[in-house]
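All of these numbers come straight from a predicted model, not from anything done at the bench. For this chain, numbers begin at 1 and follow the sequence in order.
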Amino acid sequence: MGMTMTQKILAAHAGLDHVEAGQLIEAQLDLVLGNDITSPVAIKEMEKMKVDGVFDKDKIALVPDHFVPNKDIKSAEHCKCVREFARRNEITNYFEVGEMGIEHALLPEKGLTVAGDVVIGADSHTCTYGALGAFSTGVGSTDMAAGMATGKAWFKVPSAIRFNLIGKPGKWVSGKDVILHIIGKIGVDGALYKSMEFTGEGVANLSMDDRFTIANMAIEAGGKNGIFPVDDKAIAYMKEHSTKPYHIYEADADAVYDEEYTIDLSALRPTIAFPHLPENTKTIDEIQESVAIDQVVIGSCTNGRLDDLRIAAEVLEGRHVAKGIRCIVIPATQKIYMEAMEEGLLKTFIEAGAVVSTPTCGPCLGGYMGVLAEGERCVSTTNRNFVGRMGHVKSEVYLASPAVAAASAVAGQIACPEQLD
């Protein structure tokens, strides 16, 4: 019986010739990630272990990004804990304010994740790095602590679902629409503890930013991870951003999949996830009544990359945010912020009546920089729209692509760019 792409990576890191779905293994880690919310818990657990330092100061990444710059005393204390731990253990990849970014955009940009890696992070959207052909998954803070101490983690080898992508997406269809379509199709538990493996000729028609978005939201379908084949685009990205050696793994021809789906990218339409689950999707054509909104957020580890900002700026160029609508734009990293500034994108946003923030997770988790009041509605490029996710339990979050978010800011209601002309 052949192995899937994910199974091959896990087998190699466990020192085994073959693994099967359901098998328990212990694997060597290439990177352990934590942020300002999850790292303090892991650090306290490490103190209980009474271990002497970390397994490898170069293979740990600490990225304070959720409440940074600090929003209050408690968040400042959390960041102080992480900062002092990083200093005490001489952690190479600690990213302070001024050089940080939203973790899942920052790590690939810094070249810390490459194809063939096994990465764990105490953040559920660690599955993002599957876009580069890595096995990456979210874990709890105690597993993060064990990973920092030993350089190892245990896994139950996941079975897999294969998504065969064909065709080319249309003008205003992006990776966000692809993954929302898939989640709408299989549900938020449709890939529970499974590897979502994306294949097919349609992959070549997706940018790396599209792939990061899709892999990022594998967890919203319950997936253990999402993973893409390593093609010329992925190799070019790694060569541009990293000096680490990478390893390409391909699924065996006789690999076993629990299910297989074919997704025709050319048939997809701009897709929105209505409250209060990412599976509650409708295409722009299926929305029969106008949905008035109060706020738009363009950013996050899902859609705060340069391509996302370019698309939003294209929609907002020469237009203005509707009266009474708040539009918040958050570049995912300092580098993206700088590139957006140099391209004139920030000028476009500000002239259109939007506000531009420093990199932060901020409103995505209801932290700050855009928390919703009772009864308010927000169209957001973030990844979750659970009850109370972005603020009051009686607020509503509609998940969408940067194109739909920007068009909605102009229209004052859910809209896509083609409806503005």
| salt bridge (charged side-chain N to carboxylate O under 4.0 Å, His left out) between Asp308 and Lys176: does it pass, once the steps are laid out? | CA-CA 10 Å; Asp308 301 314; Lys176 186 61 160 287; over 6 Å; no

Begin with the C-alpha distance, continue with both residues' side-chain angles, and end with the deciding distance and a verdict on ring-ring contact (aromatic ring centres under 6.0 Å, His included) for Phe212 and Tyr237. CA-CA 12 Å; Phe212 284 126; Tyr237 184 96; 5.4 Å; yes

Evaluate the criterion side chain to side chain donor-acceptor pair (under 3.5 Å) for residue pair Glu45 and Thr142; output intermediate values, then yes/no.
CA-CA 6 Å; Glu45 289 301 313; Thr142 50; over 6 Å; no

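Proximity of Pro402 to Leu309: side-chain heavy atoms (C-beta onward) are nowhere separated by under 4.5 Å. Side chains of Ser380 and Asn385 form no contact here, defined as non-hydrogen atoms less than 4.5 Å apart. Contact annotation: the side chain of Tyr261 never approaches that of Ile182 to less than 4.5 Å [non-hydrogen atoms, C-beta and beyond].
Looking at Arg310 and Glu314, no side-chain N of the basic residue comes within less than 4.0 Å of a carboxylate O on the acidic one, giving no salt bridge. A salt bridge does not link Arg162 to Glu197: none of the charged side-chain nitrogens sits closer than 4.0 Å to a carboxylate oxygen. Ion pairing between a basic and an acidic side chain is recognised when a charged N comes within 4.0 Å of a carboxylate O; Arg269 and Asp285 show such pairing.
For Ala415 against Ala411, the heavy-atom pair with the smallest separation is CB-CB, 3.8 Å.
For Phe135 and Tyr129, the distance between ring centers is not under 6.0 angstrom.
We find the CD1-CZ distance between Ile311 and Arg305 to be 12.5 Å, quoted to the nearest 0.5 Å. Here the OH atom belonging to Tyr257 is positioned 10.5 Å from the CG atom belonging to Asn164, to the nearest 0.5 angstrom.
Screening residues 88-110 for salt bridge (Lys or Arg N to Asp or Glu O under 4.0 Å), with sequence neighbours left out, gives Arg83-Glu96. Legend: salt bridge (Lys or Arg N to Asp or Glu O under 4.0 Å) pairs involving residues 228-243, not counting sequence neighbours, sorted by first then second residue: Arg211-Asp231.
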Atom pairs and distances, side-chain donor-acceptor, residues 184-192, under 3.5 Å, sequence neighbours left out:
none

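Applying the 6.0 Å contact sphere to CE of Met338 captures no more than 12 heavy atoms from other residues, nucleotides or ligands.
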